Amino acid sequence: MLNDSDRQNLRNRIKQATAVEDAGTAVTHVRSLLACSNKPADVMFCASALTGIAEALTSQLRAKRLKTYIVRSVTIEPIIPFLKTEAVLSNYVLDLDVGGYGSYVDELLNPQSALAKFNPDLVFVLLDLEDIAGRLPALCADGIGDAVEAEIEESVARVTNLLRSFRSINSGRILFQGCVVPDHTSLGDVGEANLPHSLTNAVYQLNQRLAAVCRTISDCVFFDVDHLAARHGRSNWRDVRMFLASRLPLSSASFGAYARGLVRSFSPLFRAPRKVLCTDLDNTLWGGVLGEEGPEGIATGTAFPGNCYLEYQRYLKQLSSRGILLALVSKNNDGDVREAFQIRAADLGLTLDDFVATKIGWNEKTASIRELAEELSLGLDSFVFVDDNPVECEAIRQQLPEVAVIAAPVEEPWKLVEVLSAQPFFDAALVTDDDLNRLNDYKAQAQRAELASSAGNRDEFLASLKIVCTFLSALDAPLARSVQLLAKTNQFNLTTRRRSAAEVEEFASAAGGQAIAVRVRDRFGDAGVVGLALARTEGTTCSIDSLLLSCRVIGRGIETALLAHLGANATRAGAQSLVGEFIPTKKNAPCADFYLDHGFLQQATSCDASTDSIFYQLDLATAAPESPKWLTLEGNESNEFSASAAIAS
């Protein structure tokens with residue numbers, strides 16, 4: 001804990017940094033202060049200071065600014081400073097507006113409500129159990145619960161109507177909060193645990209049903225506040241006196257944890273998870289130093305302390321099973337490492353085949369991670385680095401600031417999984433088939449690279465891959481995968497607009513609209529859905545809103561095939577010209593000349609466009625784009641895609 005002198009010193013540093021609008025320094029000092037103090041006065045001070053430099057946060061740190069509206073049936077005002085501050089620490093700036101107490105029905109249903117007029121990017125729906133299913137405590141009091149299922153059904157139907165009605169008039173992303181299981185009930189601990197219609201079971205069932213509803217609504221995530229309360233202790237989660245006196249749903253000691261939970265839960269609606277976890281070996285993946293103790297001397301397996309590392313290995317295996325790529329980055333002799341994996345195979349939860357790549361040698365780890373990023377065609381901001389050595393961790397922080405660094409607790413190895421799981425880097429609201437196939441896809445990419453080195457020329461190599469492109473509606477990709485691509489594709493993304501699911505649906509359903517996804521497979525495997533195009537034809541012009549392709553398949557002509565398919569659809573819709581837009585970013589330089597390379601001519605910037613936009617136009621009558629000869633195309637010739645109709649080019 002900080003003493004008063006240290007606290008005041010940090011507050012002065014925050015004041016100095018905000019006075020000159022040095023956003024990075026201000027956030028660093030705020031982080032230091034709040035790491036040691038959760039006093040409401042300190043949090044309010046930080047929230048006020050950061051609010052004053054909102055523009056600097058967005059321009060200097062590229063914090064995402066979100067118009068955020070809180071729909072509520074409880075008192076939320078004392079928690080807002082915590083929420084704003086935690087948001088900034090996760091690189092968001094929340095422009096908050098709070099709805100009327102208890103007016104959530106009108107706000108969600110009324111197209112003229114304050115919520116609708118606010119036109120939010122993000123909506124928190126924070127309701128208490130009393131307002132969602134208020135009859136449940138009474139119905140569960142006898143443990144028999146004849147009407148419990150009916151009450152849950154009616155409650156879920158009401159919530160479904162509220163959320164779907166709001167979604168029909170607004171595309172803002174939604175966080176819907178579940179219910180906390182009451183800590184004290186009339187059945188007592190034994191009855192709650194043994195009677196099937198206890199309130200505990202009923203609230204669990206209600207939360208599961210509500211989470212299922214959220215999955216059916218585009219851009220909506222369920223916030224499992226009960227899980228958070230259980231982690232921090234339900235008996236301390238709510239101050240009963242304050243709830244009865246003012247409808248404040250939390251004790252003051254829970255404000256920080258609750259705010260962090262809210263921010264962590266909505267983040268997957270705006271950011272894709274990181275893709276690669278790079279782990280060290282010695283005193284991280286296993287205990288001890290391999291070079292000193294040999295394969296038999298390292299700690300791993302079922303006996304303590306080796307089981308601490310085995311749990312970490314198993315956790316990494318679980319991450320891999322949902323599509324997170326694992327890589328080894330270690331200063332060791334390659335032969336010694338391979339021998340250790342062979343000799344101690346029975347005591348390890350991973351094999352070398354579970355890793356997409358290994359960088360084992362005596363190069364600096366910063367260089368190794370740069371090589372990995374290049375080999376995998378991924379940005380450094382896709383990487384998480386875990387190491388026990390504070391010198392190595394600091395080197396990565398300073399030289400590769402985009403990489404997330406986690407210091408392994410070498411003195412407390414039993415906390416390895418806890419430390420890693422406490423971070424939000426791999427959080428995802430959904431997992432797609434393409435995620436599950438990622439490891440095999442990247443290994444197939446290595447096989448393609450090997451074939452490319454032996455091919456006579458580029459066309460010969462690409463023809464030998466036997467690439468098949470299947471065009472389908474972005475809604476059938478499925479829609480979740482299309483939105484995922486929009487959220488995480490950076491290098492080959494002409495506008496980097498992060499469209500929501502509702503917006504993609506609008507492109508797909510609007511007259512003259514196109515929402516095209518492309519799936520790719522070749523002789524080495526199925527890469528899944530890797531590209532997307534959104535466009536709209538109005539009159540004789542088809543304007544391309546978004547066109548993007550995963551970096552895994554750039555350079556194989558797939559981007560040209562996608563453009564050609566879009567152009568053919570536009571021609572059938574009556575368009576005579578294509579207009580493409582390029583918005584330069586720090587990462588999308590690889591596609592800067594895409595339109596020029598395909599025969600487009602640069603236009604003067606439209607008066608209603610952003611100042612960064614560059615526009616290009618192509619006459620479809622004289623220069624319609626054509627797909628490369630080495631590709632086989634699947635998908636019919638209209639905007640209603642069907643994989644059964646094939647066109648071989």
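Every value quoted in this text rests on a predicted model; they were computed, and no experiment measured them. Note that these values count all heavy atoms, side chains included, but never hydrogens, waters or copies made by symmetry.
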Whether Asn207 side chain and Cys179 backbone form a donor-acceptor pair below 3.5 Å: yes

Could you label the plane-to-plane angle of the Phe223 and Tyr258 rings as parallel, tilted or perpendicular, counting under 30° as parallel and over 60° as perpendicular? tilted

Using atom types as modelled and distance alone, determine if a side-chain donor or acceptor of Arg260 lies under 3.5 Å from a backbone N or O of Glu86. no

Under 3.5 Å, is there a donor-acceptor pair between the side chain of Asp128 and the main chain of Asp131? no

Backbone N or O of Met242 within a donor-acceptor pair of the Asp239 side chain at under 3.5 Å? yes

Side chains of residues 43-55: which donor-acceptor pairs under 3.5 Å do they make with residues two or more places apart or in other chains?
residue : atom : partner : partner atom : Å
Thr51   : OG1  : Ala47   : O            : 2.7
Glu55   : OE2  : Arg65   : NH1          : 2.9

Stepwise, does the side chain to side chain donor-acceptor pair (under 3.5 Å) test hold for Thr68 with Tyr92? CA-CA 11 Å; Thr68 306; Tyr92 295 99; over 6 Å; no

Gln60 atom CD: more than 12 heavy-atom contacts under 6.0 Å: yes

Verify the distance criterion only: is there a donor paired with an acceptor across the side chains of Ser155 and Arg158 at less than 3.5 Å? yes

For a quick check under 3.5 Å, do Ser37 and Asp42 share a side-chain donor-acceptor pair by atom type? yes

Taking it one step at a time, do Asn170 and Val123 satisfy side chain to side chain contact (heavy atoms under 4.5 Å, CB included)? CA-CA 10 Å; Asn170 197 290; Val123 178; 5.6 Å; no

Kindly indicate whether a cation-pi arrangement holds for Arg247 with Tyr101, taking the cut-offs as under 6.0 Å to the six-membered ring centre and within 45° of the axis. no

With under 30° as parallel and over 60° as perpendicular, where do the rings of Phe118 and Tyr69 fit, or are they tilted in between? tilted

Determine whether Arg164 and Thr216 satisfy the following criterion, side chain to side chain donor-acceptor pair (under 3.5 Å), listing intermediate values before the conclusion. CA-CA 9 Å; Arg164 288 184 176 167; Thr216 68; 3.2 Å; yes

Any side-chain donor near an acceptor of the partner, Ser171 and Glu503, under 3.5 Å: no

Which label fits Phe82 and Phe255: parallel for a plane angle under 30°, tilted from 30 to 60°, or perpendicular past 60°? perpendicular

Can you name the one residue among Leu485, Asp219, Leu532, Asp545 that meets side chain to side chain contact (heavy atoms under 4.5 Å, CB included) with Arg499? Asp545

Evaluate the side chain to side chain donor-acceptor pair (under 3.5 Å) criterion for residues Thr284 and Tyr309: first the C-alpha distance (whole Å), next the side-chain angles of each, then the deciding distance (0.1 Å), finally the verdict. CA-CA 7 Å; Thr284 303; Tyr309 299 97; over 6 Å; no

Under 3.5 Å side-chain donor-acceptor pair for Thr185 and Glu192: yes

Short question: side chain of Arg72, backbone of Gly99 - any donor-acceptor pair under 3.5 Å? yes

Taking side-chain hydrogen bond (donor to acceptor under 3.5 Å, both in side chains) as the definition, give me every residue that meets it alongside Ser251, ordered by chain and number, with sequence neighbours left out. Ser254

Counting only N and O atoms by type, is there a donor-acceptor contact under 3.5 Å from the side chain of Arg481 to the main-chain atoms of Val530? no

Main-chain N/O of Leu122 paired with Arg173 side-chain donor or acceptor, under 3.5 Å: no

